[in-house]
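The structure appears right after this line, and notes come after that.
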Amino acid sequence: MADEPLVLGIETSCDETGVGIVRGTTLLADAIASSVDTHARFGGVVPEIASRAHLEAMVPTIERALKDAGVSARDLDGIAVTAGPGLAGALLVGVSAAKAYAYALGKPLYGVNHLASHICVDQLEHGPLPEPTMALLVSGGHSSLLLAPDITADVRPMGATIDDAAGEAFDKIARVLDLGFPGGPVIDRLAKEGDPKAIAFPRGLSGSRDPAYDFSFSGLKTAVARWIEAKRAAGEEVPVRDVAASFQEAVVDVLTRKAVRACKDEGVDHLMIGGGVAANSRLRALAEERCERAGVRLRVPRPKLCTDNGAMVAALGAEMVARGRPASDWELSADSSLPVTDPHVPGAPDHDHVHEVSKDNLYS
Ligand code: KG4
Ligand code: ZN
């Protein structure tokens, strides 16, 4: 519908320069430039390289998104940008670009939270997000359980990982098994031919006294690595498929059990799963099974919308415009540890921790 807000969203919190354009809850363009290959030889994302890559990719990616969507920048109703959390220098490139475009075009600027955007993107796949929605966000960078009574104004952290992110655990175990990077897709594939019950790996933070909604994958990672080492030391062959299946089962068992329990405890009947690990076939299947048993409706966007992208930022920006939330002011700044509680970032940061981050920014 033409009267729905047309919003361009910019995402630069990590190594993906994402520019998306949506009209209301309809996706028009989702342009991505990734610097992942540039980081590969360093074995991880190098923040300065990511910032430089964003700078180079920004204008061409914005132009490509506008062309793909078949709209003119003059028609936009707003420009949304990830204000945090993420890499400080990388975020700054996105925020500066969004400000420059918004100012030059005379459009309102909306600073938004990256995690809330991961949730809101599901509107582009399954229509308006039911409120409240429970969200399980699992990627190489995050593992969070969030309750969203209002995606534009109120998101409540229920739990998070106390050590590694879920995707990080997949990547580390893949490295131990010499399966390359990223580990998730290959473990997912091999696990299909293995026995998930072959090895009883530990379920982190699952005791009766443990926090109900927090996660821990570091003990699991160590247990799997030790098990493999012991096999190798004994000169035995490592049953890679069984290890992959049993490890994967330990991760998705805990993720889905805690997510469904949170839904039941809070009386929430919708669960969305986002982030790169949401592509995992066993996670999807087990979540489906457990949600159905609990009377919870499951929503998982397609993989391209689950990983970092600009469309998710545009989706949340469009929701802000549709609900008449005020635009951010020109003081909007990047905040690497932005809390998720207020997905709408009004402008100048008012969190104590930000002053430290801003000082770092001067030198990065
Ligand atoms: O969202 P994403 O692309 O990037 C960030 O981490 O921000 O997520 C990437 C992560 C990697 O750790 C990768 O191993 C994991 O998602 N991943 C998977 C699968 N596909 C990607 N993990 C498990 N199963 C998969 N099929
Ligand atoms: Zn993300």
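One-based numbering, in listed order, for ligands and for the atoms of each.
Residue pairs meeting the salt bridge (Lys or Arg N to Asp or Glu O under 4.0 Å) criterion with at least one partner in residues 126-138, sequence neighbours excluded, are Glu131-Arg323.
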His270 and Thr133: side chain to side chain donor-acceptor pair (under 3.5 Å), yes or no, with the steps?
CA-CA 5 Å; His270 282 87; Thr133 284; 5.5 Å; no
Before giving the answer on salt bridge (Lys or Arg N to Asp or Glu O under 4.0 Å), spell out for Glu48 and Arg52 the whole-Å C-alpha distance, their side-chain angles and the decisive distance to 0.1 Å.
CA-CA 6 Å; Glu48 288 77 7; Arg52 172 61 62 97; over 6 Å; no
Would you check, one step at a time, whether the test side chain to side chain donor-acceptor pair (under 3.5 Å) holds for Ser333 with Glu331?
CA-CA 6 Å; Ser333 98; Glu331 301 297 309; over 6 Å; no
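Judged as a side-chain hydrogen bond (donor to acceptor under 3.5 Å, both in side chains), and not counting sequence neighbours, the contacts of His118 are His114, His142, Asp308.
Using a heavy-atom distance under 4.0 Å as the criterion, the protein contacts of ligand 1 are Ser139, Gly140, Gly141, Gly167, Phe170, Asp171, Pro182, Gly183, Gly184, Pro185, Asp188, Gly276, Val277, Ala279, Asn280, Thr307, Asp308.
Using a 3.5 Å distance cut-off with no hydrogens or angles, the side chains of Ser218 and Asp164 do not pair a donor with an acceptor.
Within the protein, the N, O or S atoms sitting under 2.8 Å from the Zn ion (ligand 2) are His114 NE2, His118 NE2, His142 NE2, Asp308 OD1.
The pair Glu168-Lys172 counts as a salt bridge, with a side-chain nitrogen and a carboxylate oxygen less than 4.0 angstrom apart. Electrostatic pairing of Arg290 and Asp253 counts as a salt bridge here, judged by a charged N lying under 4.0 Å from a carboxylate O. In summary, Glu4 and Arg23 do not engage in a salt bridge, as defined by a charged side-chain N under 4.0 Å from a carboxylate O.
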